[in-house]
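Right, one structure below, let's go through it.
In listed order, ligands and their atoms are each counted from 1. Only a predicted model underlies this, so the values are computations on that prediction, with no experimental measurement involved.
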Amino acid sequence: MILLLGATGYVGRAFSAELRHRALPFMPLTRTAIDYTRFDVLFNFVRNTRPDFIINAAGYTGNPDVDACEVHRAETVQANTLLPQTVARVSYLTKTPWGHVSSGCIYSGAWVTRNGAERIERNLDQPEIRRLFETRPGQFRGFTEADEPNFSFRSPSSNFYSGTKALAEEALRWFDECYLWRPRLMFDEFDEPRNLLSKLQRHARILDGVHSLSHRADFVRSCLDLWERHGPFGTYNVVNPGAVTTRHIVERIKRLLKPAREFEFWEDTVEFLSAGTRAQRPHCILDPGRLLSLGIEMRPVEEALEHALANWRPPAANQEWLATSLKSPLSR
Ligand SMILES: NC(=O)c1ccc[n+]([C@@H]2O[C@H](COP(=O)([O-])OP(=O)(O)OC[C@H]3O[C@@H](n4cnc5c(N)ncnc54)[C@H](OP(=O)(O)O)[C@@H]3O)[C@@H](O)[C@H]2O)c1
């Protein structure tokens, strides 16, 4: 049996759907039923139920967006840094392997080759960098798991959300039987508030940049594949190979969904932040090479984007899928 924390969330619901699809018995936990954020409660629960694996898909990403994490700091630390440590201790004491949904937002930038030299370019939202990416994408290389996070409390500038996610990774690094799965901006065909493609259609103005992305179902499939195939524990960038600019995604949205609106862009981060935004948004490219080298497949990002937009489901059409994904789990 697999124990799923944060089962009601955007990522948690996708894990539920995939676990059901694989006919893997699982138990979704929600704080209203059992307060899994408390060590004693979780420890006793795991000791009594003896799961084979724990998935931590719980966290605080801010509502309506990451700006809220700058205000609700205690909640952000509690959910993103303290809770993963609680799960790690429980899993250590009960000898239960587990996987934690971390994030690629602990990086800013990419490795970029210019004038024959490769170095980290931190700001992928600069107009000249975006132009370089559009003309010479081969000069950009993503961060690997060996690169130290550079958008954390230890770096010159970070937002609060990213800081708490990076701090959790630092603490979890020392636990042996743990996967750290790093997704980047998530999307799929279901129109809902946390979907990047939905957000872009609703934002009054958009900040352009270069990104890695994770298709939500591809992400959870790869995480479960890693565990089912006994992949080595450790950190994995779980993103669709390739990178895209926000402007490119918007062009695809215009072409495939034909929305009845114009899209406006911020000039750059300086203009974006001067309009009252609280949290700096990192743009980054991650290299999923470690995951792919184990034979675990992620579709190229262009293919996953095309598929999501070609199968776009407006909110009403999602209700049936949501109801299915939230049904009670299979029994053992
Ligand atoms: N969405 C993305 O694009 C994305 C990208 C990268 C990483 N992530 C990571 O994926 C994880 C899940 O994100 P999500 O998008 O699924 O978020 P979400 O939709 O807000 O769901 C998070 C779930 O976490 C649980 N939770 C536990 N403590 C919480 C707290 N203090 N405040 C709020 N919720 C709390 C809640 O479940 P219960 O109340 O049922 O227990 C909630 O449903 C997070 O760790 C996030 O950092 C998400």
Side-chain angles (χ1 to χ4, degrees), residues 3-18 27-38 41-42 45 54-66 68-69 71-87 98-107 149 151-152 159-169 172 179-188 190 192-200 211-220 222-223 235-240 249 279 281-284 286 288 304 308 322 325-326 329:
L3 195 60
L4 175 61
L5 311 185
T8 55
Y10 184 59
V11 179
R13 279 182 277 122
F15 270 113
S16 295
E18 184 60 21
M27 206 180 277
L29 277 199
T30 169
R31 284 171 303 163
T32 47
I34 291 166
D35 188 2
Y36 55 76
T37 64
R38 275 179 46 188
V41 173
L42 186 64
F45 191 83
I54 303 172
I55 296 172
N56 177 31
Y60 182 69
T61 58
N63 201 357
D65 60 30
V66 71
C69 296
V71 182
H72 304 293
R73 292 183 170 217
E75 193 161 19
T76 310
V77 171
Q78 200 284 330
N80 297 341
T81 310
L82 300 183
L83 171 62
Q85 280 188 282
T86 298
V87 183
W98 70 295
H100 169 67
V101 181
S102 182
S103 178
C105 70
I106 59 179
Y107 290 94
F151 198 72
S152 72
N159 65 41
F160 199 75
Y161 167 72
S162 297
T164 59
K165 296 294 287 185
L167 210 50
E169 280 212 3
L172 301 185
Y179 293 110
L180 290 179
W181 299 313
R182 291 176 178 160
R184 194 51 193 126
L185 305 167
M186 287 214 191
F187 72 98
D188 63 12
F190 301 104
E192 56 173 294
R194 294 233 184 271
N195 183 342
L196 173 70
L197 301 176
S198 303
K199 288 183 193 170
L200 290 178
H211 313 277
S212 283
L213 307 179
S214 298
H215 183 281
R216 185 166 55 142
D218 290 4
F219 170 77
V220 298
S222 293
C223 295
T235 308
Y236 291 87
N237 295 334
V238 188
V239 296
N240 294 89
I249 306 172
R281 307 298 202 264
H283 299 121
C284 71
L286 297 185
L322 273 178
S325 84
L326 287 172

Considering only heavy atoms from C-beta outward, does the side chain of [X] approach that of [Y] to under 4.5 Å?
X	Y	value
Met27	Ile34	no
Leu172	Trp98	yes
Tyr60	Cys69	yes
His211	Cys284	no
Ser152	Ile106	no
Arg194	Arg216	no

From [atom], work out which of [options] has a heavy atom at the shortest distance.
atom	options	answer
atom 16 (O) of ligand 1	Val77, Val11, Leu185, Ile106	Val11
atom 18 (P) of ligand 1	His72, Gln78, Arg194	Arg194
atom 8 (N) of ligand 1	Trp181, Tyr161, Tyr10	Tyr161

For [atom], which protein heavy atom lies nearest, and how many Å away is it?
atom	answer
atom 42 (C) of ligand 1	Thr8 OG1, 4.1 Å
atom 39 (O) of ligand 1	Arg31 NH2, 2.9 Å
atom 11 (C) of ligand 1	Ala57 O, 3.7 Å
atom 22 (C) of ligand 1	Gly59 O, 3.4 Å
atom 10 (O) of ligand 1	Val101 CG1, 3.3 Å
atom 2 (C) of ligand 1	Met186 CG, 3.9 Å
atom 25 (C) of ligand 1	Tyr36 OH, 3.3 Å
atom 45 (O) of ligand 1	Lys165 NZ, 2.7 Å

Can you tell me how far [atom2] of [Y] sits from [atom1] of [X], rounded to the nearest 0.5 angstrom?
X	Y	atom1	atom2	value
Thr86	Gln78	OG1	CD	7.5 Å
Leu286	Tyr107	CG	OH	7.0 Å
Phe219	Trp181	CZ	CH2	7.0 Å

- prompt: Judging by distance only, is a nitrogen or oxygen of Gly9 under 3.5 angstrom from one on ligand 1?
  reply: yes

message: Could you check whether His215 and Phe187 have their ring centres less than 6.0 Å apart?
response: yes

task: For Ser214 and ligand 1, answer yes if some heavy atom of the residue is under 4.0 Å from a ligand atom, otherwise no.
output: no

Report, in ascending order of atom number, the atoms of ligand 1 lying under 4.0 Å from any heavy atom of [X].
X	value
Ser103	6 (C), 7 (C)
Gly6	37 (O)
Ala79	28 (N), 29 (C), 30 (C), 31 (N)
Pro183	6 (C), 7 (C)

Residue part near ligand 1, for Ser102, under 4.0 Å between non-hydrogen atoms: backbone

query: Within the side chain of Arg184, is there an N or O that forms a donor-acceptor pair under 3.5 Å with the backbone of Arg182?
result: no

